[in-house]
Number of protein chains: 2
Amino acid sequence: MGHAKAGKNGAALHPEAVAAPETVPLASLVSRLGKFSAVESGDTLRSLVRGRRGYDRDTPAWAERGDLASIVVIESGWAYKFAIMHDGRRHIADFFGPGAICNWSRLSRFEEQDDILFKGGASVTLLEPGLLDEKLNEDASLASTIKRHELARAMRTTQRIRAFISLPAMERTLLLLLDFADELRTVGKAPDWIHTPFAQAELADMLGLTAVHVSRVFKKLVDTGIIVRDGNSVRFTDRRRIERDLAYRRFFQARRSP
Amino acid sequence: MGHAKAGKNGAALHPEAVAAPETVPLASLVSRLGKFSAVESGDTLRSLVRGRRGYDRDTPAWAERGDLASIVVIESGWAYKFAIMHDGRRHIADFFGPGAICNWSRLSRFEEQDDILFKGGASVTLLEPGLLDEKLNEDASLASTIKRHELARAMRTTQRIRAFISLPAMERTLLLLLDFADELRTVGKAPDWIHTPFAQAELADMLGLTAVHVSRVFKKLVDTGIIVRDGNSVRFTDRRRIERDLAYRRFFQARRSP
DNA sequence: CGACGACTTGACATCGATCAAGCGAGGTGG
DNA sequence: CCACCTCGCTTGATCGATGTCAAGTCGTCG
């Protein structure tokens, strides 16, 4: 992941990371929510749009400076939530793929004071927080859909945290890759090839490892035939088996066509 | 902690762990909430009590079997939330001291399917979930108090998770001890001596370490003069310094008397 | 007294971090 | 267009941190 072939802003060179700017806003989010409800919620949500924004290079947004006053929804590309620790290390607590809501949750409405970094090539839609709350109070079906979506994220995070605290590096890394695949599945892609624009140093800050060790873990995973790499992307040779071995629980199931 | 001197059910021998059975129910919880609001909420809460229960030895409660259908509030003693991982290891995700609500949160209302273990000597009060929701909808001030209390817990957990993923064993352990002190502070104790009934094997399952290594870490902390031990209890020689070094954030402040 | 559980300690193996060097692709400036 | 720089990744050598296995101590409980 983040291999040199993809360039400095890896995502910018990949079609799925720059496709969105001309599409209808919130397409990714609406597609995600469709996995949790048959009700079409696009029009309601689109009435809350306050603006859009694209990032051609990695761009941090600082909570303190009010950069995150609007609700941010990823249209395309990726972002992550991070914090600097007392020893100077950066910890990345969560990541966001297309359709994810970065800085709002009805489950835990308190201020997460974490900052967010938008990866180069990402584009986002901004929503009005007050209006969203209002809509959700009116529209119980939409509220319940969003709640189930948030719930799935929360449970996936719980599963990941458990692994990152207790398991060795290889299993942590595999589980993170499975989470990436899960995140991609949310927007209808059930990709063999898992692609994200994250650099190994960023993976390290998610995993609680060093970048050097992440590199070695990937090498070992390739050498033992567990994954195949092509530039920025990764493929499991037998994903089912890995999921079984790790007791991995999927939270974003592909939905039968209605 | 959990040193042999305290016996098999460590907590049972310590006065603060067996004091409650004859006191008014929910005394610990009400005392905690007093840190977040000047409003006295004892009578309202006590109207929800469905029963009480004491544990003379370590007792697991299985979510699957419906053992946790009521809301469980610790009167005295300790408990923790745990799950068994795919490799057979046990992970302990959170712990509960006197006054804590074990299996309910308004912030994240979804089912945490974790099981709970009540340490020997613990006694708990059971509340009616439906009634609590009802009360909170009626009583905005109580709802806001409880919400702030839950918020403090959530933020403390976030801080702990970060440390447990990224930091080495010694710092993890220190932070866990500070969290124990924080939990004790919630019920008005601002103890020099931090006392919990947890065994080293349990600390290990919280920290993502082995019991043997926890033992060595404690030895090193004593040898370097950072902590002093007396049987089951621990005291920091300079807590302020440790809190500063770890950038530890307290969430349960001692409240000025009103 | 004997069994047991929790903790301790030592020897050793493995995992992961650190430091340092090198490589290849892009980007930049001459 | 080429020379050079930077960035992300790789690799090797080495060190420290942590896990594993095994033996031993010390209380408690029956």
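In what follows, every chain begins at residue 1, and chains take the letters A, B, ... in the order their sequences are listed.
In this structure, A/F82 has its ring center closer than 6.0 angstrom to the ring center of A/W62.
Listed candidates were C/dG16, C/dT8, D/dT18. Nearest to the side chain of B/L209 is D/dT18. Counting only heavy atoms from C-beta on, A/T210 has its side chain closest to C/dT18 among D/dT10, C/dT18, C/dT8.
For the side chain to side chain contact (heavy atoms under 4.5 Å, CB included) test, residues two or more places apart in sequence or in another chain that qualify with A/T125 are A/P25, A/L26, A/V49, A/R52, A/E75, A/L127. For A/F164, there are no ring pair (Phe, Tyr, Trp, His ring centres under 6.0 Å) partners, not counting sequence neighbours. B/V217 meets the side chain to side chain contact (heavy atoms under 4.5 Å, CB included) test with B/A169, B/M170, B/T173, B/H213, B/L221; sequence neighbours excluded. Residues satisfying the side chain to side chain contact (heavy atoms under 4.5 Å, CB included) criterion with B/D87, sequence neighbours excluded, are A/L167, B/M85, B/R89. Applying the side chain to side chain donor-acceptor pair (under 3.5 Å) test to A/D192 and every residue at least two apart in sequence or in another chain returns nothing. A/R160 pairs by the salt bridge (Lys or Arg N to Asp or Glu O under 4.0 Å) definition with A/D94, A/D179, not counting sequence neighbours. A/R240 is linked by a salt bridge (Lys or Arg N to Asp or Glu O under 4.0 Å) to nothing, counting only residues two or more places apart in sequence or in another chain.
As rounded to whole Å, 16 Å separates atom P of C/dG16 from atom CG of A/D205. Following rounding to the nearest Å, A/N232 (CG) and C/dA25 (P) show an atom-to-atom distance of 15 Å. At whole-Å resolution of the value, CD in A/Q200 and P in D/dT11 are 10 Å apart. Per the geometry, CD belonging to B/E202 stands 8 Å off P belonging to C/dC7, to the nearest Å. In this structure, A/F218 atom CZ and D/dG8 atom C1' are separated by 13 Å, rounded to whole Å. Rounding to whole angstrom units, CG of residue A/L207 and C1' of C/dC15 are separated by 15 Å. Atom CZ of B/R229 is separated from atom P of C/dA6 by 16 Å (rounded to the nearest Å). Between B/D87 atom CG and D/dT20 atom C1' there is a gap of 15 Å when expressed in whole angstrom units.
Defining each end axis of the helix from C/dC1-D/dG30 to C/dG30-D/dC1 as the rotation carrying four pairs' C1' atoms onto the next four, with five pairs an end, the two axes are found to diverge by 30° to 10 degrees.
Residues B/M170 and A/A201 both approach DNA chain D. Their nearest nucleotides, taken by heavy-atom distance, put A/A201 toward the 5′ side.
Here B/S215 reaches the OP1 or OP2 of C/dT8: one of its side-chain N or O atoms lies under 4.0 Å away. Here B/R57 does not reach the OP1 or OP2 of D/dC29: none of its side-chain N or O atoms lies under 4.0 Å away.
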Exercise. Which nucleotides of nucleotides 12-17 of chain D have their base under 4.0 Å from a protein heavy atom (B), which only their sugar-phosphate (S), and which neither (-), written as one string 5' to 3'?
Worked result: BB----
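With A/I165 as reference, B/I165 is the one residue of B/L207, B/I165, B/I92, B/D205 to meet the side-chain contact (heavy atoms from CB on, under 4.5 Å) rule.
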